[in-house]
Amino acid sequence: MRHITVFEDGDTVRITMNRPARRNSLSYEHLSELLSAFEDAGDSAASGIVLAAEGPVFSAGHDFGDVASRDLVGVRDLLALCTALMKTIESVPQVVIARVHGLATAAGCQLVASCDLAVAAESAGFALPGGKGGWFCHTPAVPVARNIGRKRLMEMVLTGDVIDAPTALEWGLVNRVVPDESLDAAVDDLLAKATRGSRASKAIGKQTVYAQLDRPEADAYAIAVEVMAAASQLPGAREGMAAFLEKRRPEWPD
């Protein structure tokens with residue numbers, strides 16, 4: 001791995017973008033390494049994944065040097081790889097938290113929006129700057145829209161302006177905003193809360209939420225009813241209900 005580091009910390013896999021000289025911009029090689037790391041983490045016994053970055057910037061988005069060197073087919077391949085990464089972040093069974101400091105722009109903002117949860121330092125900022133340039137942020141807008149809604153998305157993509165961390169919190173792009181020196185503690189605290197309980201139940205729950213989220217209500221209920229009924233037979237569900245009825249602490253089998 002040239003552009004990232006991966007560290008297993010107990011039940012947590014910490015994936016850190018480590019291309020600070022290029023503002024953690026997302027070249028094809030960088031995206032490939034991230035995708036491989038998330039696939040490996042998804043197949044592991046970990047319960048949580050933290051996505052972080054080295055240097056003053058979380059991620060400046062796509063590497064324009066890489067993009068500019070490509071023809072139409074090449075750029076399409078690059079964007080398809082980026083989309084595969086975003087979908088993998090959503091599909092892995094673990095809880096994925098973005099640890100955000102500094103700027104997260106364009107595809108860097110897309111990364112934040114694609115994670116299940118996000119904790120931002122007060123120094124963080126978020127932008128979809130293509131709207132004030134020559135290459136509109138079409139693909140980054142997809143998950144950001146699903147975090148913040150239509151009007152706020154349109155403000156971000158049309159103006160290209162940076163929104164600060166408190167605004168990102170108000171708009172629903174992040175879950176917590178904390179002083180920079182408290183960022184790691186806040187990430188660990190939220191991850192601990194989000195990973196407690198049955199791992200199998202959590203994994204199915206996360207994947208079902210994404211499956212039903214943007215569907216019409218009737219379709220969403222059809223999916224949720226079948227999955228929830230099937231999940232009631234899992235060992236973790238049985239143990240959770242038994243512990244509640246017997247007024248004792250659960251002993252999770254998974």
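Just so it is clear, the values below take in all heavy atoms, side chains as well, and ignore hydrogens, waters and symmetry mates.
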Identify all side-chain donor-acceptor contacts of residues 209-220 below 3.5 Å with residues at least two apart in sequence or on another chain.
unit_1	atom_1	unit_2	atom_2	d
Y210	OH	D116	OD1	2.6
D214	OD2	R146	NE	3.0
R215	NE	A211	O	2.7

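Two residues are said to be in side-chain contact when any heavy atoms from C-beta on lie closer than 4.5 Å; F58 and N24 fail this criterion. Side-chain contact between L234 and I204: present, with at least one pair of heavy atoms (C-beta onward) separated by less than 4.5 Å. At least one side-chain heavy atom of T12 sits less than 4.5 Å from a side-chain heavy atom of L191. Counting heavy atoms from C-beta on, the side chains of P140 and C109 never come closer than 4.5 Å. Using a 4.5 Å cut-off on side-chain heavy atoms (C-beta onward), I89 and C115 make contact. Side-chain contact between L26 and M17 is present, with heavy atoms from C-beta onward closer than 4.5 Å.
Applying the salt bridge (Lys or Arg N to Asp or Glu O under 4.0 Å) test to residues at least two apart or on different chains, the pairs with a partner in residues 227-245 are E239-R248. Sorted by first and then second residue, the salt bridge (Lys or Arg N to Asp or Glu O under 4.0 Å) pairs with a member in residues 148-172 form an empty list; sequence neighbours excluded. Counting only residues at least two apart or in different chains, side-chain hydrogen bond (donor to acceptor under 3.5 Å, both in side chains) contacts with residues 79-106 comprise R99-D184. Applying the ring pair (Phe, Tyr, Trp, His ring centres under 6.0 Å) test to every pair with at least one member in residues 8-37, sequence neighbours left out, gives these pairs: H3-H30.
Between the side chains of N18 and T5, no donor N or O sits under 3.5 Å from an acceptor N or O.
Residue V67 comes nearest to V75 through the heavy atom pair O-CG2, 3.9 Å, listed as atom of the first residue, atom of the second, then distance. Counting all heavy atoms, side chain and backbone alike, V174 lies closest to A165 at CG2-O, 4.4 Å.
The salt bridge (Lys or Arg N to Asp or Glu O under 4.0 Å) check on D188 picks up R14, with sequence neighbours excluded.
Screening R70, R22, R23 for a salt bridge (charged side-chain N to carboxylate O under 4.0 Å, His left out) involving D63 leaves a single residue, R22.
With hydrogens and angles ignored, the 3.5 Å screen pairs no side-chain donor or acceptor of S201 with any backbone N or O of S198.
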